[in-house]
Amino acid sequence: MKKILLIAVMLLSVVSFASAQNEAKIKFDKLTYNFGKFSVNNPVQEASFNFTNEGKSPLVINQVVTSCGCTVATYTKKPIAPGASGTIKVKYDGKGRFPSHIKKMITVRTNGVPEMVRLYVEGDMVDEQK
């Protein structure tokens, strides 16, 4: 009985190790985008985060969640083939907000490694009258 259990555990280990080698792997060119200083008169800012699937399986972005309603993300819904690239576009809308430093988080969930990545957009919205 012990031999059968040992063989089953070893077989399970080998199968899980083999499947881990064939996973998708997401790699971003940058994790933070800085808008710099921008005016309250031009409060809408956009950023792009480029990524590559460095794994051996298709990469699927399951979900992209922003930390604030003032930030919207759009992304490719189709699987990304191994070696192919994609883009997550982020739009910040500061209309009606007070001038200040902003830092917003975008959480990306995938079927790859890592399963979750956090991206950031930041900048300083300034009042030109002062």
Side-chain angles (χ1 to χ4, degrees):
M1 184 68 176
K2 288 183 181 180
K3 287 183 180 181
I4 294 173
L5 184 60
L6 181 61
I7 291 172
V9 169
M10 290 177 64
L11 184 61
L12 185 61
S13 306
V14 169
V15 169
S16 65
F17 179 75
S19 67
Q21 299 300 316
N22 292 326
E23 290 183 335
K25 183 177 179 186
I26 191 166
K27 174 76 173 168
F28 282 92
D29 61 347
K30 62 183 168 236
L31 298 177
T32 302
Y33 186 94
N34 193 327
F35 298 127
K37 289 186 178 183
F38 60 98
S39 170
V40 294
N41 298 327
N42 186 23
V44 178
Q45 300 293 311
E46 295 183 5
S48 291
F49 293 92
N50 299 316
F51 63 89
T52 304
N53 179 3
E54 293 184 343
K56 295 183 180 181
S57 293
L59 173 73
V60 177
I61 297 177
N62 297 322
Q63 183 181 45
V64 177
V65 180
T66 59
S67 62
C68 174
C70 59
T71 309
V72 177
T74 56
Y75 60 96
T76 305
K77 307 268 194 291
K78 296 180 181 177
I80 309 295
S85 299
T87 303
I88 296 176
K89 294 182 180 182
V90 178
K91 184 181 204 180
Y92 170 77
D93 188 350
K95 287 181 200 162
R97 300 192 181 270
F98 291 106
S100 65
H101 178 78
I102 61 118
K103 186 168 187 175
K104 304 298 176 185
M105 180 175 60
I106 301 95
T107 304
V108 180
R109 296 187 187 276
T110 73
N111 69 328
V113 176
E115 290 181 11
M116 183 181 73
V117 178
R118 289 204 170 109
L119 307 172
Y120 297 92
V121 292
E122 65 181 324
D124 293 298
M125 186 163 65
V126 296
D127 189 355
E128 293 178 344
Q129 298 171 355
K130 292 184 179 181

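Numbers here simply count residues along the sequence, with the first being 1.
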A.B. asks: Which residue pairs pass the ring-ring contact (aromatic ring centres under 6.0 Å, His included) test when at least one of the two sits in residues 88-128, sequence neighbours left out?
C.D. replies: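 Every pair satisfying ring-ring contact (aromatic ring centres under 6.0 Å, His included) with a residue in residues 88-128: there are none.
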A.B. asks: Any heavy-atom pair between the side chains of E46 and V90 that's under 4.5 Å?
C.D. replies: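 No - every pair of side-chain heavy atoms lies 4.5 Å or more apart.
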A.B. asks: Between M105 and L119, is there a side-chain heavy-atom distance shorter than 4.5 Å?
C.D. replies: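 Not touching, per the 4.5 Å side-chain cut-off.
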A.B. asks: How far apart are the closest heavy atoms of S85 and T52, and which atoms are they?
C.D. replies: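 Looking at all heavy atoms of both residues, the shortest contact is OG-OG1, 3.3 Å.
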A.B. asks: Could you check whether N50 and T87, counting side-chain N and O atoms only, form a donor-acceptor pair closer than 3.5 Å?
C.D. replies: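 A donor-acceptor contact under 3.5 Å links the two side chains.
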A.B. asks: Do side-chain atoms of T110 reach the backbone of G112 as a donor and acceptor pair under 3.5 angstrom?
C.D. replies: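 Indeed, once roles are kept as given, a pair shorter than 3.5 Å links the two residues.
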A.B. asks: Should the heavy atoms of other residues, nucleotides or ligands under 6.0 Å from NZ of K30 be counted, would the total exceed 12?
C.D. replies: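 Count over threshold, so yes.
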A.B. asks: For K27, does the NZ atom sit with more than 12 other heavy atoms under 6.0 Å from it, leaving out its own atoms?
C.D. replies: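 No, not enclosed.
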A.B. asks: For P99 and D127, work out which heavy atoms get closest and say how close.
C.D. replies: CG-CB, 3.7 Å
A.B. asks: For Q63, which residues count as a side chain to side chain contact (heavy atoms under 4.5 Å, CB included) partner, sequence neighbours excluded?
C.D. replies: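 Scan of Q63 (side chain to side chain contact (heavy atoms under 4.5 Å, CB included), adjacent residues dropped) gives V65, R109.
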A.B. asks: In chain order, what residues pass the ring pair (Phe, Tyr, Trp, His ring centres under 6.0 Å) check against F28, with sequence neighbours excluded?
C.D. replies: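 Applying ring pair (Phe, Tyr, Trp, His ring centres under 6.0 Å) to F28 gives F51.
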A.B. asks: Compare every heavy atom of F35 with every heavy atom of A47, then report the nearest pair and how far apart it is.
C.D. replies: CB-CE2, 3.9 Å
A.B. asks: For residues I106 and V121, determine if any side-chain heavy atom of one lies less than 4.5 Å from a side-chain heavy atom of the other.
C.D. replies: yes
A.B. asks: Holding to side-chain hydrogen bond (donor to acceptor under 3.5 Å, both in side chains), I want the full list of residues that pass it with T66, two or more places apart in sequence or in another chain.
C.D. replies: none
A.B. asks: Answer yes or no: is there a side-chain heavy-atom contact under 4.5 Å between P114 and I26?
C.D. replies: yes
A.B. asks: Can you list, pair by pair, the side-chain donor-acceptor contacts under 3.5 Å of residues 69-84, counting residues two or more places apart and other chains?
C.D. replies:
none

A.B. asks: Write down the atom of N111, the atom of V60, and the distance for their closest heavy-atom approach.
C.D. replies: OD1-N, 2.7 Å
A.B. asks: Could you list the residues that satisfy side-chain hydrogen bond (donor to acceptor under 3.5 Å, both in side chains) with S67, not counting sequence neighbours?
C.D. replies: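 Partners of S67 under the side-chain hydrogen bond (donor to acceptor under 3.5 Å, both in side chains) test: none.
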A.B. asks: Looking only at non-hydrogen atoms, find the nearest pair between M125 and G94 and report the distance.
C.D. replies: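 Closest heavy-atom pair between M125 and G94: CE-O, 3.7 Å.
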